[in-house]
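Okay, so here's the structure we're looking at.
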Amino acid sequence: MILCYLFGQYAEAVSNAASTMQYVESASGTLQVSYCYFYESLAQLSFYSDASQVEQKHCLKKVRNNQKKIKKWAHHAPMNHLHKFNLVEAERYRIIGKDSLAVDYYDRAISLAKEHEYIHEAVLAYELAAKFYLSRGKELTAKAYMQEARYCYQLWGAAAKVKDLETRYPQLFAISTSKNILTTTSTTGSRSSSALDISTVMKASEVISGEIVLDNLLSKLMKILIENVGAQTGYLILEKQGKLLIEAEGTVDTERVKLLPSIPI
């Protein structure tokens, strides 16, 4: 159910949801139950536009019933469930044409999911918001949300999902060459090795504006670059008098970088 939904196979997701919900009571009292209702609602709402009129009524009724359960759980444990409730509400408002409410609930879902470190649900909210804006002809806004979605999928390590987004929405990841800026990254392993995205450039500019101590600036920039490409370790290599020298080393699990005495490669 979840995989079909994440990769846009909504009819199959709805079918798998029907099978899943036959057994949901057997997992009563576990966190998995909330995921069942959460993803069933999202699958139903994504399939809504392709459903018949009768199926659409059934869809909305099922979503309302599911939301009653999630709202109750959110009352007792908002850190685990409130962002789920908000994201389903955003999608529900989307399909009934209440755009201003949809926008509000997408942003609520993103904020709460990030606050409580549900990165896989924050990234889903970013992606759904991007799709919403794209469907309303707001490509610049859609691009900002989708860029953030790809960045979060990279942090999550969901390489297949990063590739899926880049394949489905190439226009949102196009790199402008009008200023003759050439940036190349290379990685080992299965993670994306795409050029630095807008979110990274924005983060870097914020760091530069807030730092005047070179060591602090270097540490923060190295950390941003390492996270962006999904690396564990990064090195700063500079050219001096025709020779390549390793000047600094950083790792993903430490805030500071280690300055090195110009070690030749």
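- The aromatic ring centroids of F85 and W73 lie 6.0 Å or more from each other.
- For H58, there are no ring-ring contact (aromatic ring centres under 6.0 Å, His included) partners at least two apart in sequence or on another chain.
- Below 30°, between 30° and 60°, or above 60°: for Y10 and Y5 the angle between ring planes is between 30° and 60°, a tilted geometry.
- Two residues are said to be in side-chain contact when any heavy atoms from C-beta on lie closer than 4.5 Å; C36 and M21 meet this criterion.
- Between E166 and K163, none of the side-chain N atoms (NZ, or NE/NH1/NH2) sits under 4.0 Å from a carboxylate O, so this pair counts as no salt bridge.
- A salt bridge links K161 to E127: one of the charged nitrogens lies within less than 4.0 Å of a carboxylate oxygen.
- If you check the side chains of Q171 and E139, you find no donor sitting under 3.5 Å from an acceptor.
- With contacts defined as side-chain heavy-atom distances shorter than 4.5 Å, the pair N66/V88 does not qualify.
- Residues V123 and A149 come closest through the heavy atom pair CG2-O, 3.1 Å.
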Which is it for D99 and Y133 under the side-chain hydrogen bond (donor to acceptor under 3.5 Å, both in side chains) test, yes or no, and what are the steps along the way? CA-CA 10 Å; D99 287 5; Y133 285 115; over 6 Å; no
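- Contact check on K143 versus E148 returns no salt bridge, with no Lys/Arg side-chain nitrogen under 4.0 Å from an Asp/Glu carboxylate oxygen.
- Both tests hold for K84 against Y118: distance to the six-membered ring centre under 6.0 Å, angle to the ring axis within 45°.
- Legend: residues meeting side-chain hydrogen bond (donor to acceptor under 3.5 Å, both in side chains) with Q44, ordered by chain and number and at least two apart, are absent.
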